[in-house]
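First the structure, in the form of structure tokens, and then the observations on it.
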Amino acid sequence: MKLVTCGLPYANGKAHIGHLRTYIPADVYVKYLRMMGEKVLFICGSDCHGTPIVVNAEKEGISPRELVDRYHEHFKKVFASVGIEFDYFGRTDSEYHHEMTKNFVKKLIEKSYVYSKEIELAYCPKCKRFLPDRYVEGICPYCGAVARGDECDQGCGRYLEPGEIKEPRCKICGTKAEFRKQKHYFFKLTAFRDFLLEYLDKVGGTENALNYARKWVKQELKDWCITRNLEWGVKFPGEDLVVYVWVDAPIGYISYTREACKNLGCDWEKIWVEGVKKEGDIKWGDIIHFIGLDIVYHHCIFWPAMLKGVEFALPSAIVASGMVKVEGKTFSKTRGYVVWVEDDYLKSGFNPDYLRYYIVNYTSHQKDLNFSWKVFMDKVNNELIANLGNFIYRVTYFAWKNFEGDVWSFNVKADDSVIKAVEKARNEIVKAIKNWEFKIASDAFMELASFGNNYFQSKEPWELIKSDKEKCAEVIANCLHIVKALTILAYPVLPFSMKEVAKIIGVDEFRMNKVNEFEKIKVLKKPKPPFKKVEEEKIEEMEKLMIDRIRKADEKTVKYVTIDDLSKLDLRVGKILRAEKVKKSRKLIKLEVDIGNEVRQIVAGIAETYKPEELVGKQVVVVANMKPAKLMGVESRGMILAADVEGKAVLLTPEKEVPIGSKVR
RNA sequence: GCCGAGGUAGCCUAGCUGGUUGGGGCGCCUGACUCAUAAUCAGGAGGUCGGGGGUUCGAAUCCCCCCCUCGGCACCA
């Protein structure tokens with residue numbers, strides 16, 4: 001039994017197209033495997049723990065459970081409505097999951113992979129509590145950007161260990177936090193370095209994920225703090241702490257498997273404990289994780305190490321989907337570049353199959369997918385409808401009109417070229433699926449549809465019907481064979497539409513080995529076109545909606561300041577006396593700037609637009625009371641103002657020469 | 001700067017263990033046809049295969065240098 005999983009959606013927001021980028025190809029994969037006769041278990045569920053959920057629930061004045069309930073049901077519903085059929089969709093806040101996680105952690109403790117250590121943690125004296133993860137905001141110790149407790153999300157993107165953050169502040173009340181000592185537990189991730197290198201070398205899946213992971217393992221592996229001060233989560237054995245959400249979330253794959261097996265009569269231990277083969281130090285399972293590029297670290301490093309720690313079977317493949325762009329821009333909920341599955345897509349009445357086709361067929365699974373409504377319309381109308389839909393409809397309708405759906409009273413036989421074309425499509429699909437190449441698979445059935453149109457056109461059955469009805473029947477019989485093949489081959493990508501077609505031609509089994517059986521296919525009822533066109537007006541409406549949303553998001557980010565705020569800044573005109581590039585840096589220039597009463601050393605990130613020599617003598621605006629900082633080891637005491645033109649700096653300079661040190665107001 | 005992934009016609013791409021005129025899809029132009037949701041079919045225009053060197057009888061494919069895009073890190077004060 002093969003196990004396929006999708007990264008667990010975090011029960012803290014609605015489903016968007018980024019989720020589907022991973023889940024739909026996974027579902028397509030599973031559907032194809034099943035058509036090939038493989039036994040597959042397809043598992044997913046909500047990730048319900050962690051501080052963002054607690055923080056958001058507090059904000060809304062509800063319990064974490066209530067918040068989770070809402071989004072859990074939402075995901076379940078949305079996935080079903082786009083045809084993603086999980087065998088089990090669990091949640092990590094359930095009893096069985098807590099039990100599984102506790103046992104897992106206990107085993108890690110028994111194997112001595114967990115140790116405790118006193119660490120200094122941010123503590124809010126006003127709220128009287130420790131501040132885990134997103135309860136705390138401060139300065140990233142690596143890059144100096146504003147960061148949250150667990151991740152430097154606006155700066156260098158690093159994952160931060162508890163206690164690492166500088167200048168912590170309570171996110172809830174804004175109070176300056178103090179550091180207090182507390183005992184926490186660590187997972188000996190460093191003990192798995194060699195194992196991970198070997199594992200990452202051999203595991204299957206897509207290269208995009210594995211390359212990153214290999215680098216991380218080589219560079220900066222640290223032991224991993226796995227406990228948090230929180231009520232909401234899985235209790236750490238014997239302590240008033242919960243385990244970190246990224247410990248319990250992947251264990252969800254196991255606990256959901258066990259629950260699924262209860263209903264389906266399989267054995268979860270065979271899948272997760274026994275595995276399918278041993279290869280030196282590695283016990284392989286037949287387990288495939290579909291994930292997004294953003295959770296590679298957890299699935300390629302933490303997770304295999306945890307599994308190895310308890311001597312469980314390891315995933316055989318990690319398949320990471322590329323990023324999503326919306327209308328050519330990086331996907332971003334806060335900036336409005338987002339497509340909500342329910343509110344935008346489903347409520348507008350679009351067939352879910354269209355989106356499935358778009359996501360699968362736009363580009364290779366590993367590459368970035370750009371979602372654009374215009375492209376969406378083109379792909380649906382010009383490819384799905386004009387080619388595939390049209391072929392299915394013209395054949396079935398022709399058979400219905402001229403033969404009442406039954407051509408088999410004539411003596412007809414299979415055309416060799418038709419059988420070959422179907423065989424080719426099937427072989428290509430089987431091969432593509434094994435390589436995670438879903439676009440190639442969907443291209444293959446589209447090519448078969450194209451072949452069908454060509455065949456129909458060149459045989460001219462509309463002429464034959466007048467002159468040679470038997471010959472005509474043979475052409476249509478062959479075309480119906482192609483229709484049947486298409487119905488089956490396209491089913492995993494277009495399940496809703498192909499099920500309808502299947503009813504019309506009396507196909508009740510979607511199996512790969514039935515695809516090229518030349519059966520007596522009849523048209524059982526009056527055919528309907530399998531797809532409806534996407535209207536241009538509707539697309540314009542969607543585009544307008546998106547533009548509005550982007551504009552609103554822009555407005556939201558405006559924060560007004562008072563004149564007092566402004567007066568906090570000591571802005572002055574300075575003159576650049578000397579400039580030289582900071583060694584080994586790309587953007588930085590070291591400047592000496594005369595600001596009237598003193599000469600300051602300032603480092604500015606402007607080397608991409610200016611050469612040092614052209615800066616000397618220029619008057620610039622300086623923030624004189626900027627907190628000193630070190631950049632690439634060079635001290636900087638001030639900041640030069642510049643316009644940001646698509647990431648490149650353009651200096652602000654007085655309109656005419658002014659006395660050095662002039663105040664800027 | 002370092003590490004990844006890339007740069008192939010307006011767009012998405014195949015080819016990349018070197019070898020006949022670099023394939024395909026969408027869009028575009030012309031023609032044909034009418035069974036079909038103006039769908040389909042035929043034909044066509046459109047490429048210095050990022051740039052420059054080199055190896056070779058022969059390179060999109062191999063080697064070197066450079067440029068650009070994206071992601072990650074080191075520095076966005």
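Note on naming: letters A, B, ... go to the chains in the order of the sequence lines (proteins, then strands), and numbering restarts at 1 for each one.
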Whom does B/C16 pair with, Watson-Crick or G-U wobble, provided both distances fall under 3.5 Å?
none
Would you measure the distance from the C1' atom in B/G10 across to the matching atom in B/U17 and give it in whole Å?
34 Å
P gap between B/U21 and B/C29, integer Å
32 Å
Can you list, by residue number, the residues of residues 451-466 of chain A that have a non-hydrogen atom closer than 4.0 angstrom to RNA chain B?
A/N453, A/N454, A/F456, A/Q457, A/W462, A/E463
Using 30° and 60° as the class limits, which term best fits the ring planes of A/Y354 and A/F531: parallel, tilted or perpendicular?
tilted
Under 4.0 Å between any heavy atoms, over every strand shown, what does A/G638 touch: base, sugar-phosphate, or nothing? Just pick one.
sugar-phosphate
Non-neighbouring partners of A/K202 that pass side-chain hydrogen bond (donor to acceptor under 3.5 Å, both in side chains), sequence neighbours left out:
A/E198
Tabulate atom names and distances for all N/O pairs under 3.5 angstrom spanning the protein and nucleotides 25-29 of chain B.
residue, atom, partner, partner atom, Å
B/G27, OP1, A/N382, OD1, 3.4
B/G27, OP1, A/N382, ND2, 3.1

Closest of B/A36, B/A77, B/U37 to the A/K533 side chain is B/U37
Can you tell me how far C1' of B/A14 sits from CE of A/M446, to the nearest Å?
17 Å
Test item: A/D223 side-chain N/O and A/L189 main-chain N/O as donor-acceptor pair under 3.5 Å
yes
Of A/M639 and A/K528, the one whose nearest nucleotide on RNA chain B sits closer to the 5' end is A/K528
For a quick test of reading the model, state the closest non-hydrogen atom pair linking A/S417 to A/F451 and the distance between them.
O-CZ, 3.6 Å
Over all strands shown, is A/P530 touching base, sugar-phosphate only, or nothing at heavy-atom distances under 4.0 angstrom?
base
Parallel, tilted or perpendicular, judged at 30° and 60°: which one describes the rings of A/W373 and A/F376?
perpendicular
Can you give me the closest heavy-atom contact between A/N387 and A/S450, atom names plus distance?
OD1-N, 3.3 Å
Give me each pair satisfying salt bridge (Lys or Arg N to Asp or Glu O under 4.0 Å) with a member in residues 383-404 of chain A, each pair once, sequence neighbours excluded.
A/K379-A/E383
Contacts of type side chain to side chain contact (heavy atoms under 4.5 Å, CB included), residue A/D368, not counting sequence neighbours
A/M323, A/K325
Counting primed atoms, P, OP1 and OP2 as sugar-phosphate and everything else as base, the B/S/- map of nucleotides 5-12 of chain B against protein heavy atoms under 4.0 Å is S------S
Mind calculating the distance between CG (A/N381) and C1' (B/A38) to the nearest angstrom?
12 Å
Could you tell me which nucleotide pairs with B/U56 by Watson-Crick or G-U wobble geometry, both distances under 3.5 Å, or answer none if nothing does?
none
Which atom of A/I482 lies closest to which atom of A/F391, heavy atoms considered
CG2-CE2, 3.6 Å
Describe the nucleic acid contact of A/I440 in one word from base, sugar-phosphate, nothing, applying a heavy-atom distance below 4.0 Å.
nothing
If we call it a pair only when both distances are under 3.5 Å in a Watson-Crick or G-U wobble match, what pairs with B/U30?
B/A42
Whom does B/A5 pair with, Watson-Crick or G-U wobble, provided both distances fall under 3.5 Å?
B/U69
Heavy-atom donor-acceptor pair, A/Y345 side chain to A/N351 backbone, under 3.5 Å:
yes
